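Have a look at the structure below before the remarks.
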There are 2 protein chains.
Amino acid sequence: MATNKTQRVTMSDVARRAGVSRTTVSFVLNDKPGAAIPDETRRRILEAIDELGYRPNAGARALAANRSGWFGLITEIVTGPFAAEVITGAQSRAWGDRRFLLIAASEGDPAQEAAALDQMLEHRVEGLLYATTWHRAVSLPKAAREVPTVLVNCYDAAGELPCILPDEVSGGYKATRRLLDAGHTRIGFINLDPAIPAAIGRREGYERALREAGITPDPSLVIPGWATADGAYTAACELLDRPAADRPTALFCGNDRMAMGAYDAIKERGLRIPHDVAVVGFDNQELIAAYLRPKLTTLALPFEAMGTKGVDMLAALAAGQPLDTHRVTIDCPLLERSSV
Amino acid sequence: MATNKTQRVTMSDVARRAGVSRTTVSFVLNDKPGAAIPDETRRRILEAIDELGYRPNAGARALAANRSGWFGLITEIVTGPFAAEVITGAQSRAWGDRRFLLIAASEGDPAQEAAALDQMLEHRVEGLLYATTWHRAVSLPKAAREVPTVLVNCYDAAGELPCILPDEVSGGYKATRRLLDAGHTRIGFINLDPAIPAAIGRREGYERALREAGITPDPSLVIPGWATADGAYTAACELLDRPAADRPTALFCGNDRMAMGAYDAIKERGLRIPHDVAVVGFDNQELIAAYLRPKLTTLALPFEAMGTKGVDMLAALAAGQPLDTHRVTIDCPLLERSSV
DNA sequence: GCGCTTTAATAACGCGCGTTACTTCAGCAT
DNA sequence: ATGCTGAAGTAACGCGCGTTATTAAAGCGC
């Protein structure tokens with residue numbers, strides 16, 4: 001209830017109580033190698049710490065040791081499942097290392113982004129994680145050069161900064177492969193905006209899987225759905241209204257919301273999933289994929305893993321170690337449900 | 001690219017460059033009232049700051065000023081829409097005040113929670129926000145008493161800590177009222193676990209709205225759906241299979257997922273929403289409510305507002321001001337879509 | 001007894017900054 | 001010239017801690 005506005009207990013208090021010098025306390029607190037502390041002394045000190053309820057002051061420690069322990073994490077938005085997963089991954093990895101995350105949302109506003117970056121630099125972050133909600137190229141404010149930076153789910157055009165990206169090609173490959181394995185040979189691909197990396201990579205994987213199966217990719221089976229349920233619905237209608245011999249028996253959709261649109265088109269025509277038409281989505285938006293009927297088989301974007309890996313790389317960079325790989329890709333796991 | 005491992009520029013560097021003392025620099029940086037700084041001097045200093053790219057060291061400043069600028073935020077999980085909204089609200093309010101949020105997730109594990117709290121206290125947070133994903137009673141580790149604490153979406157049994165809660169009663173009232181206004185008089189209520197505050201409060205609002213409309217609440221119309229889509233489906237079946245004269249023409253569901261289950265039961269029976277049966281949900285889970293057919297009218301839990309208000313209260317407490325209200329309730333807005 | 005090493009511990013400095021108390025000097029009335 | 005006032009600026013201390021250099025005592029071989 002009552003706020004303790006009286007001065008907090010410091011290391012000197014502990015030292016006095018234990019009958020030693022402050023230096024000695026610091027030594028036991030930091031397990032200083034080379035410092036010979038008899039067990040009895042150590043015990044007295046730990047006891048004093050306990051009795052006084054002493055807590056080291058992280059800020060003072062950072063100042064003296066010239067090591068803040070902070071990493072910065074800038075995302076576009078905090079809300080939304082993707083950013084949250086990145087945060088979760090990065091957090092757990094960081095806290096385990098006694099490092100902390102200063103999180104900021106740019107809200108897509110360059111001014112806010114710059115302000116956030118300023119604050120982070122003032123807090124002397126030892127590294128910066130910059131994450132986007134969709135895989136694309138970005139360019140960072142100059143100030144970001146002042147500190148080791150790792151890009152998550154994005155990359156810089158110049159290719160100077162290390163980055164962590166989902167493996168879109170393998171994602172497209174795995175989706176297609178799964179459908180091939182189920183016996184489908186005419187597989188429609190309702191893709192995202194064809195100009196973005198996700199669309200390009202997945203199409204590459206899609207075509208590779210087909211060729212490996214001895215099938216020549218038919219470009220007319222690939223239609224951009226422009227990332228909306230309605231767009232995908234239209235695209236699916238187009239594909240399903242072809243003459244039977246020409247009609248795909250499976251649809252690979254650029255994301256789960258698009259799969260929703262495809263579901264509607266399929267059901268409208270009295271076709272059944274997966275018996276008549278199989279569907280694979282992308283993104284694994286739990287609330288969609290797990291509640292569609294039938295449940296949607298889809299690929300997950302590995303946001304949490306990317307967050308974890310980001311902190312890994314940052315930790316290495318902050319420690320002055322070189323990076324083994326400058327550009328890391330992380331696999332998109334296939335989540336089997338009931339739509340194939 | 002290259003990490004700048006050379007020592008960063010400090011205030012002394014700025015002072016030297018500007019030909020003044022460090023104290024003077026500090027004065028202009030902090031707009032010290034009572035310090036007479038001629039414009040010319042101020043200009044020189046600002047110029048030096050700019051040329052050198054000086055950034056104040058937030059940690060050192062905190063140490064000297066004995067004011068960390070940190071608030072702690074402990075949630076159960078970071079993933080999931082609710083926590084993210086609280087974070088968003090708290091963040092925006094905090095950053096605007098040049099305060100920062102040290103965010104941690106307990107993952108429901110008391111050990112992690114205690115560890116997080118320890119770290120926060122070591123970082124000398126000036127206040128603590130403790131948020132849960134669902135409205136309930138909690139008990140905090142003793143250590144939380146060392147710093148002003150505000151509970152978000154929860155309360156302590158002893159009623160000692162200030163808390164911010166959604167106004168469940170008004171939520172239940174508004175939902176029911178909306179249905180009454182649409183002409184319904186027999187309104188089924190598929191409630192959550194009847195022992196939790198949300199269920200109790202909403203039922204109170206539900207009954208009050210009915211009474212105000214001159215309708216005596218019929219207990220047989222209130223059924224717990226146990227917070228699952230399946231449970232709600234069963235409950236809805238039970239209500240809809242009554243003799244016509246006895247059957248509700250509207251269903252108020254404890255959450256959006258439960259509304260999904262109710263939708264299924266309604267559609268199975270060839271009834272139409274909202275013509276034959278109207279539905280109101282709760283929680284406004286975007287991915288469900290906005291994509292159900294028809295779109296679901298529901299009440300939103302005001303997580304973002306609660307986060308904002310939490311920081312407000314913390315700021316007041318940290319400044320030593322008394323709180324006007326110990327227990328704040330925040331309204332749940334009704335989001336009109338197409339299911340009523 | 002004497003040097004030497006090891007053990008146990010500490011004084012003192014600095015991290016970057018906020019702040020208080022103090023100094024210096026110009027201007028001005030007496 | 002003296003005294004006073006306000007303007008402009010600074011020296012010096014302390015925040016809580018890590019760390020280095022140094023000291024004091026104890027153990028040991030001879």
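Chain A is the first sequence line, chain B the second, and so forth, proteins listed ahead of strands; every chain is numbered from 1. Below, each value reflects all heavy atoms present in this structure, side chains not excepted, and no hydrogens, waters or symmetry copies. Predicted model, so just to flag it, every value in this text is computed and none were measured.
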Between B:E146 and B:L121, is any pair of side-chain heavy atoms under 4.5 Å apart?
yes
With sequence neighbours excluded, give me every ring-ring contact (aromatic ring centres under 6.0 Å, His included) pair touching residues 102-131 of chain B.
A:W70-B:H123, A:F100-B:H123
Can you check the A:R67 CZ to D:dT19 C1' distance for me, whole Å?
16 Å
Table of protein N/O atoms under 3.5 Å from nucleotides 22-28 of chain C N/O atoms:
none

Establish, from distance only, whether the side-chain atoms of A:T23 and A:S26 form a donor-acceptor pair under 3.5 Å.
no
Heavy atoms from other residues, nucleotides or ligands near CZ of B:R327 exceed 12 (cutoff 6.0 Å)
no
Is there a donor-acceptor contact under 3.5 Å from the side chain of B:H135 to the main chain of B:D167?
no
Between C:dC15 atom P and B:D13 atom CG, what is the distance in whole Å?
11 Å
Would you say the side-chain atoms of A:T133 and A:E76 include a donor-acceptor pair closer than 3.5 Å?
yes
Could you work out, with ring pair (Phe, Tyr, Trp, His ring centres under 6.0 Å) as the rule, every residue matching A:Y54, not counting sequence neighbours?
none
Can you confirm whether more than 12 heavy atoms, excluding those of A:R43, are under 6.0 Å from its CZ atom?
yes
Atom pairs, N/O to N/O, protein against nucleotides 4-8 of chain C, distance under 3.5 Å?
none

In whole angstroms, the gap separating P of D:dG14 from CE of A:M11 amounts to 18 Å
Please report, rounded to the nearest Å, how far the C1' atom of C:dA9 is from the CZ atom of A:R42.
14 Å
Minimum heavy-atom distance B:M120-B:I103, with the two atoms named
CE-C, 4.3 Å
Ion pair A:R17/A:D50, N-O distance below 4.0 Å
no
Rounded to whole Å, the CG-C1' distance (A:N66 to D:dT20) equals 16 Å
Stretch residues 14-33 of chain A: residues that reach within less than 4.0 Å of DNA chain C through a heavy atom
A:V20, A:S21, A:R22, A:T23, A:T24, A:F27
Which heavy atom in B:M313 sits nearest to a heavy atom in B:P162, and how many Å separate them?
CE-CB, 3.8 Å
How long is the span from the CG atom in A:L102 to the CD atom in A:Q119, to the nearest 0.5 Å?
8.0 Å
Within residues 45-64 of chain A, find the residues that approach DNA chain C with a heavy atom at under 4.0 Å, and present them sorted by residue number.
A:L63, A:A64
So does B:E122 pair up with A:R61, basic N to acidic O under 4.0 Å?
no
